[in-house]
Amino acid sequence: MIKQYSGIAPKGDLLLIQQLCKKLKGKSFLHINSTREGGGVAEILNRMIPLLQGLGIDARWDVIEGDAEFFDFTKKTHNALQGNSEKYTKKMWDYYYEVNRRNRKNLNLDADAVLIHDPQPAPLIEYRHRRPKSRKNVWMWRCHIDISNPMASVWSNLKKYVVKYDTAIFSVSKFAKSLPIDEFIVTPSIDPLSDKNRDLTESEINEVGDRLNIPRDKPLILQVSRFDRFKDPIGVINAYKIVKKYNDCCLVLVGSPASDDPEGEAILNEVKEFAGNDPDIHILMLPPDNHMEINALQRMADVILQKSIKEGFGLTVSEAMWKEKPVIGGAVGGIPLQIVHGVTGFVVHSVEGAAFRIRQILANPEMASRMGQRGKEYVRNNFLLTRQIRDYLSVWYCNMNKGKNVIEL
Ligand code: UDP
């Protein structure tokens, strides 16, 4: 219920949501992505859909289904859009479209607003319901990944679908593309009331620490991420190894599988091998619904890293800041939007830079605590779920009324 956010989220966001809901009450709002569990998109939708329903919006969330061949293709495409060079055949693109065509039979795509998340379900736009002008629907494509420097042929194949939408939404302005449709910037968000982020008691935190065998007698460095090369788990271990020469500390790398990410297991094995038999490196693969465990680990940590080398937004950064932790993040994607360098944490460009900042934080607990407090307020003002709901409803409302008594821009 939106009322529960009163006193936690900025009041202005709650007032705007109330007003927008007066206009949108009873209308249907369909979200489609490619996984119910794992990764930031599922994390947000899990929390946002019930809240929208509580606001009187007929919100639904569906997931497209695919086989291993489809998800290998879409992960390859994810990597290519984030700048990797990959090999493609026409047959692969045909299969991508074909899986979307099959999915359409099991999906009810008739809604007043449809928000399609990421490239996997993008071709569903071909099955848009044509409605009379008075009941016009709005189709929005929401891109969560960094497509600032994509493999050109892959973007041009995807773009064929994107331009058929009414609107494209990006997380960071530098990801936006030159498109003939309207574009909006909406940053992702965290839910302060979810199990992932709610306050925990000392005994809840200790119980998780004991159960997962996390040492509490030395400083703890943490990174929470899918096992994905762009999250740079090897770079995190290298930074820890530098720090370890000077400070006794331990490193926890925690990840969970995502059904639309087939590379996780192979990368986990690489990371384990690289870590060797250092008893102070703890590599955990937790089920994707272990939200309270992640929350407790983040609260146990002295320093939290998100040392990505490519990143869409990096929800884990805001999650850590909400827990008043200083965060060290790679200077990529949405991370610099969240970390105000030197104020709420540090943005770094190398393993050595990360190691230097870890040591600085460990040596200055007062600075760390000040950064943590500022970080929490920064998240409160910018990255809570209520702000994202406000933005989605605004973009929808704006599209619904497009062309009505407004100045042509
Ligand atoms: N996450 C989790 N368990 C894990 C690893 C990640 O619950 O073992 C969550 C994490 O807390 C965050 C989301 O998955 O809410 C990851 O979102 P982010 O934007 O950081 O990265 P993505 O995976 O979407 O690239």
Side-chain angles (χ1 to χ4, degrees), residues 33-48 74-75 78-79 81-82 117-120 142-147 170-172 175 186-198 200 208 212 214 222-233 236 252-265 267-268 271 282-301 304-323 325 327-330 332-335 337-339 379 383-385 388:
N33 79 325
S34 59
T35 181
R36 287 226 178 255
E37 290 185 318
V41 181
E43 182 84 22
I44 295 169
L45 290 177
N46 251 313
R47 302 295 303 177
M48 184 183 281
T74 56
K75 180 71 198 218
H78 174 102
N79 291 342
L81 288 167
Q82 296 212 127
H117 295 262
D118 283 332
Q120 297 92 332
R142 207 289 182 229
C143 179
H144 292 272
I145 57 182
D146 177 350
I147 58 165
F170 297 92
S171 297
V172 180
F175 300 171
V186 176
T187 48
S189 62
I190 63 159
D191 185 350
L193 301 182
S194 65
D195 277 346
K196 177 69 60 64
N197 299 307
R198 70 173 170 85
L200 295 180
V208 173
L212 299 179
I214 306 296
L222 172 74
Q223 176 159 298
V224 175
S225 273
R226 285 179 298 107
F227 288 98
D228 177 317
R229 287 199 181 85
F230 287 132
K231 309 282 185 183
D232 200 17
V236 172
V252 176
L253 282 173
V254 49
S256 60
S259 58
D260 63 348
D261 182 355
E263 287 179 340
E265 205 175 316
I267 294 170
L268 170 66
V271 172
H282 299 255
I283 300 171
L284 307 175
M285 186 65 139
L286 296 180
D289 62 352
N290 273 15
H291 300 300
M292 207 270 266
E293 284 74 3
I294 302 288
N295 187 344
L297 286 166
Q298 287 167 331
R299 288 178 194 277
M300 270 175 242
I304 299 188
L305 261 66
Q306 189 53 60
K307 213 209 133 317
S308 306
I309 44 180
K310 277 276 175 181
E311 187 57 80
F313 182 69
L315 277 185
T316 48
V317 173
S318 277
E319 287 168 3
M321 286 164 66
W322 185 248
K323 286 141 201 152
K325 300 295 170 176
V327 187
I328 299 171
V332 290
I335 293 178
L337 292 184
Q338 298 171 80
I339 300 179
V379 171
F383 303 119
L384 293 188
L385 184 61
Q388 197 180 358

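Note that ligands are numbered from 1 as they come in the structure, with each ligand's atoms numbered from 1 the same way. What you are looking at is a predicted structure, and each value in this text was computed from that prediction instead of being measured. Position 1 is the first residue of the sequence, and the numbers go up from there.
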Test of proximity, K231 against ligand 1: N or O pairs below 3.5 Å: yes
Main-chain N/O of V332 paired to E311 side chain as donor or acceptor, under 3.5 Å: no
Side chain to side chain, N290 and V254, heavy atoms closer than 4.5 Å: no
Part of Q306 with heavy atoms under 4.0 Å of ligand 1, whether side chain, backbone, both or neither: neither
Main-chain N/O of N197 paired to Q298 side chain as donor or acceptor, under 3.5 Å: no
H291 N/O under 3.5 Å from ligand 1 N/O: no
Distance-only N or O hit between ligand 1 and S225, under 3.5 Å: no
Check: F313 N/O within less than 3.5 Å of ligand 1 N/O: no
Atom 5 (C) of ligand 1 [closest protein heavy-atom partner, distance rounded to 0.1 Å]: V224 CG1, 3.6 Å
Residues forming a ring pair (Phe, Tyr, Trp, His ring centres under 6.0 Å) with H117, sequence neighbours excluded: H31, H144
Any N/O pair L315/ligand 1 closer than 3.5 Å: yes
Per atom 17 (O) of ligand 1, closest listed option by heavy atom (G40, A320, S308, S256): G40
pair I190-L385: side-chain heavy atoms closer than 4.5 Å: no
Nearest-neighbour protein heavy atom for atom 15 (O) of ligand 1, which is reported as residue plus atom name and distance: E319 OE2, 2.5 Å
Backbone N/O of E319 and side chain of K196: donor-acceptor pair under 3.5 Å: no
N/O donor-acceptor pair under 3.5 Å between Q338 side chain and G314 backbone: yes
Which of the ligand 1 atoms, numbered from 1, are nearer than 4.0 Å to a heavy atom of I294: 3 (N), 4 (C), 7 (O), 8 (O)
Nearest option to atom 23 (O) of ligand 1, as decided by whichever heavy atom of E311, E37, R226 sits closest: R226
SB check D228 K75 (cutoff 4.0 Å): yes
Contact with ligand 1 for G312, non-hydrogen, under 4.0 angstrom: no
N/O donor-acceptor pair under 3.5 Å between K231 side chain and Q306 backbone: no
Ligand-side contact atoms (ligand 1) for residue partner G314, heavy atom cut-off under 4.0 Å: 19 (O), 20 (O)
Any N/O pair G255/ligand 1 closer than 3.5 Å: yes
Derivation of the side-chain hydrogen bond (donor to acceptor under 3.5 Å, both in side chains) call for T74 and Q120: CA-CA 6 Å; T74 56; Q120 297 92 332; 4.6 Å; no
Heavy-atom proximity to atom 2 (C) of ligand 1, best of K196, K310, H78, H144: K196
